Amino acid sequence: MVIPVFKHIALILINPLDYRAYSTVYYKNKGKLMETYFTISCKDGQHIKAVRHTEKATKNGPLVVINSALGVKQEFYFPLAKYLANKGFSVITWDPRGIGLSSQHDVRHDKSRLRDWGQRDLTYLLDYIIERSWTSWQNLTLIGHSAGGHLVGLCPRIKHIKKVILICSGTCYWQLYPLIHQPKMLLAWCIVFPLVYKVLGYLPNKFGIGHDLPKGIVSDWRKWSLNEDYLFSDNTLGEHFYASYSGQLHAVGFSDDTGFSPKKTIADLAKRFPLANKSIKIYKPKELNKNKIGHFGFFKPGNELLWENIIVNKIDRAG
């Protein structure tokens with residue numbers, strides 16, 4: 001049952017991004033946990049929908065932001081968020097523009113681009129969190145799944161974050177994938193996807209990406225994936241912050257994730273953070289007493305032991 005506690009509108013002007021955040025908040029009681037639903041309405045007209053997962057008695061302190069994979073709604077990460085909340089962390093899940101609760105009614109008219117998720121949306125969200133003193137930069141950890149990880153270096157606020165955990169996150173250059181996947185990737189990038197979004201104006205979820213995708217998101221993804229340097233060769237991006245990040249970076253992958261984030265793509269992304277104190281670990285499912293994990297299995301219920309060992313043990317509870 002939704003219990004409306006209050007609704008308020010707050011105007012915030014933060015430079016240099018110069019965005020306005022109008023926040024509508026409501027709560028859901030979940031036993032000893034609380035889910036706080038909030039919306040950031042940005043100056044460019046986009047609405048970022050997010051949920052804060054906490055124990056009711058939790059004070060502001062260690063906080064984890066979970067960045068979703070491309071085409072994956074934030075609800076997919078609720079089991080992990082609830083687990084971490086029960087451990088005493090505050091956790092933010094959110095949908096970037098064009099996805100889930102943050103998508104527009106008509107995807108054909110949605111002007112969202114993949115670059116916006118790192119350059120704008122993540123930046124807006126982090127500023128919102130810090131402005132409300134939900135935590136400090138010192139106590140904030142980013143978890144990025146897939147695209148939610150490889151876009152973090154586009155966010156100018158990453159320099160303040162002491163710890164980033166990447167799960168199944170790598171660059172997407174097609175030649176870094178096993179040979180068995182390369183022909184279908186080239187078919188998709190060079191023929192199928194361009195034809196579909198040119199005719200329909202978007203890419204339907206029936207193509208295996210889990211969500212209808214605006215043309216601009218697919219266009220960025222396609223352009224980068226056909227280039228050996230991925231997004232790092234895109235001069236239209238302006239400044240990015242991978243090379244200057246000097247915090248802790250933990251990259252985790254799984255040996256049976258060959259179609260989305262194989263080992264070579266994870267290593268390629270990690271090398272873009274030359275100043276980071278980093279670790280890379282590719283697990284075989286049998287090492288973790290699992291038959292398979294793949295690209296999505298880590299976040300599914302029943303993996304509490306994995307979450308404890310791979311996530312909780314890497315997060316500091318105090319600055």
Side-chain angles (χ1 to χ4, degrees), residues 1-4 23-41 46-56 58 63-87 89-105 107 110 112 114 116-117 121-122 124-126 128-129 134 141-149 151-152 165-169 202-214 217 260-261 293-304 306-307 310-312:
M1 177 179 179
V2 176
I3 303 176
S23 173
T24 301
V25 180
Y26 66 92
Y27 297 137
K28 285 185 180 180
N29 281 317
K30 296 286 185 178
K32 71 172 185 176
L33 299 182
M34 181 77 77
E35 292 177 356
T36 305
Y37 288 70
F38 61 97
T39 302
I40 305 172
S41 297
Q46 294 292 334
H47 301 275
I48 309 304
K49 304 291 182 72
V51 181
R52 184 187 184 199
H53 309 256
T54 59
E55 285 186 318
K56 292 179 182 178
T58 297
L63 185 145
V64 177
V65 173
I66 302 176
N67 295 346
S68 306
L70 193 150
V72 180
K73 299 177 183 179
Q74 63 176 297
E75 287 88 346
F76 179 70
Y77 304 95
F78 278 13
L80 173 59
K82 292 174 182 177
Y83 177 81
L84 293 176
N86 275 311
K87 291 283 184 177
F89 299 99
S90 292
V91 184
I92 304 292
T93 57
W94 61 291
D95 289 319
R97 64 184 67 199
I99 301 298
L101 297 175
S102 300
S103 60
Q104 298 182 7
H105 293 299
V107 67
D110 193 323
S112 301
L114 189 55
D116 295 331
W117 295 4
D121 300 348
L122 180 57
Y124 297 160
L125 177 68
L126 294 175
Y128 185 96
I129 290 167
W134 286 353
T141 299
L142 277 182
I143 297 176
H145 179 209
S146 197
L151 295 171
V152 297
I165 301 174
L166 305 177
I167 306 294
C168 300
S169 185
Y202 72 102
L203 186 67
N205 65 5
K206 67 178 65 176
F207 284 90
I209 34 78
H211 194 288
D212 291 344
L213 292 180
I217 291 177
F260 291 92
S261 296
I293 298 176
H295 194 62
F296 299 100
F298 176 82
F299 295 96
K300 295 180 179 179
N303 285 317
E304 289 78 9
L306 273 64
W307 298 341
I310 295 176
I311 300 294
V312 176

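Heavy atoms only: backbone and side chains are in, while hydrogens, waters and symmetry mates are out. Residue numbers start at 1 and run along the sequence shown. If you're wondering where the values come from, they're calculated on a predicted model, not measured in any experiment.
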For residues E55 and A85, report the shortest heavy-atom separation together with the two atoms involved.
-> CG-O, 3.1 Å
Contacts of H53 that satisfy ring pair (Phe, Tyr, Trp, His ring centres under 6.0 Å) - sequence neighbours left out = F78
Residues in ring pair (Phe, Tyr, Trp, His ring centres under 6.0 Å) with H211, at least two apart?
-> none
Spatial distance of atom CD1 (I92) from atom OH (Y128) [nearest 0.5 Å] = 9.0 Å
Under 4.5 Å between any side-chain heavy atoms of N86 and K32, yes or no?
-> yes
Non-neighbouring partners of Y83 that pass side-chain contact (heavy atoms from CB on, under 4.5 Å), sequence neighbours left out | K87, E304, W307, E308, V312
Those residues at least two apart in sequence (or on a different chain) that pass side-chain contact (heavy atoms from CB on, under 4.5 Å) with D121 are I48, W94, P96, R97, W117, Y124
Considering all heavy atoms of both residues, which atom of V72 and which atom of I99 are nearest to each other, and what is their separation?
-> O-CG2, 3.9 Å
May I have the step-by-step check of side-chain contact (heavy atoms from CB on, under 4.5 Å) for L122 and L142, ending in yes or no?
-> CA-CA 10 Å; L122 180 57; L142 277 182; 4.2 Å; yes
S112: partners by side-chain hydrogen bond (donor to acceptor under 3.5 Å, both in side chains), with sequence neighbours left out = D110
In Å, rounded to the nearest 0.5 Å, how long is the span from OG of S169 to CD1 of I143?
-> 12.5 Å
List the steps and the verdict of ring pair (Phe, Tyr, Trp, His ring centres under 6.0 Å) for Y77 and H145.
-> CA-CA 10 Å; Y77 304 95; H145 179 209; 5.7 Å; yes
For N67 and G148, indicate whether the former's side chain and the latter's backbone hold a donor-acceptor pair under 3.5 Å.
-> yes
Kindly determine whether F260 and L70 satisfy side-chain contact (heavy atoms from CB on, under 4.5 Å), including the steps that lead there.
-> CA-CA 11 Å; F260 291 92; L70 193 150; over 6 Å; no
With respect to L63, which candidate in V91, T54, T141, I129 satisfies the side chain to side chain contact (heavy atoms under 4.5 Å, CB included) definition?
-> I129
Kindly say whether K49 contributes a backbone atom to a donor-acceptor pair with the side chain of S102 at under 3.5 angstrom?
-> yes
Please check if the side chain of D95 supplies one atom and the backbone of S103 the other of a donor-acceptor pair under 3.5 Å.
-> no
May I ask you to test the R52-S90 pair for a side-chain heavy-atom distance under 4.5 Å?
-> yes
Do the side chains of L80 and I66 get nearer than 4.5 Å, heavy atoms only?
-> yes
Please identify each residue that fulfils ring pair (Phe, Tyr, Trp, His ring centres under 6.0 Å) with F76, with sequence neighbours left out.
-> none
Output yes when a side-chain donor or acceptor of T93 lies under 3.5 Å from a complementary backbone atom of Q74, and no otherwise.
-> no
Heavy-atom distance under 4.5 Å between the side chains of I311 and I167, does that happen here?
-> yes
What are the two closest heavy atoms between C168 and S261, and how far apart are they?
-> O-OG, 2.8 Å
Do the side chain of D212 and the main chain of P204 share a donor and acceptor less than 3.5 angstrom apart?
-> no
How would you list, by chain and number, every residue that makes a side-chain hydrogen bond (donor to acceptor under 3.5 Å, both in side chains) with Q46, sequence neighbours excluded?
-> none
Please examine the side chains of L213 and F207, heavy atoms only from C-beta on, and report whether any two atoms are closer than 4.5 Å.
-> no
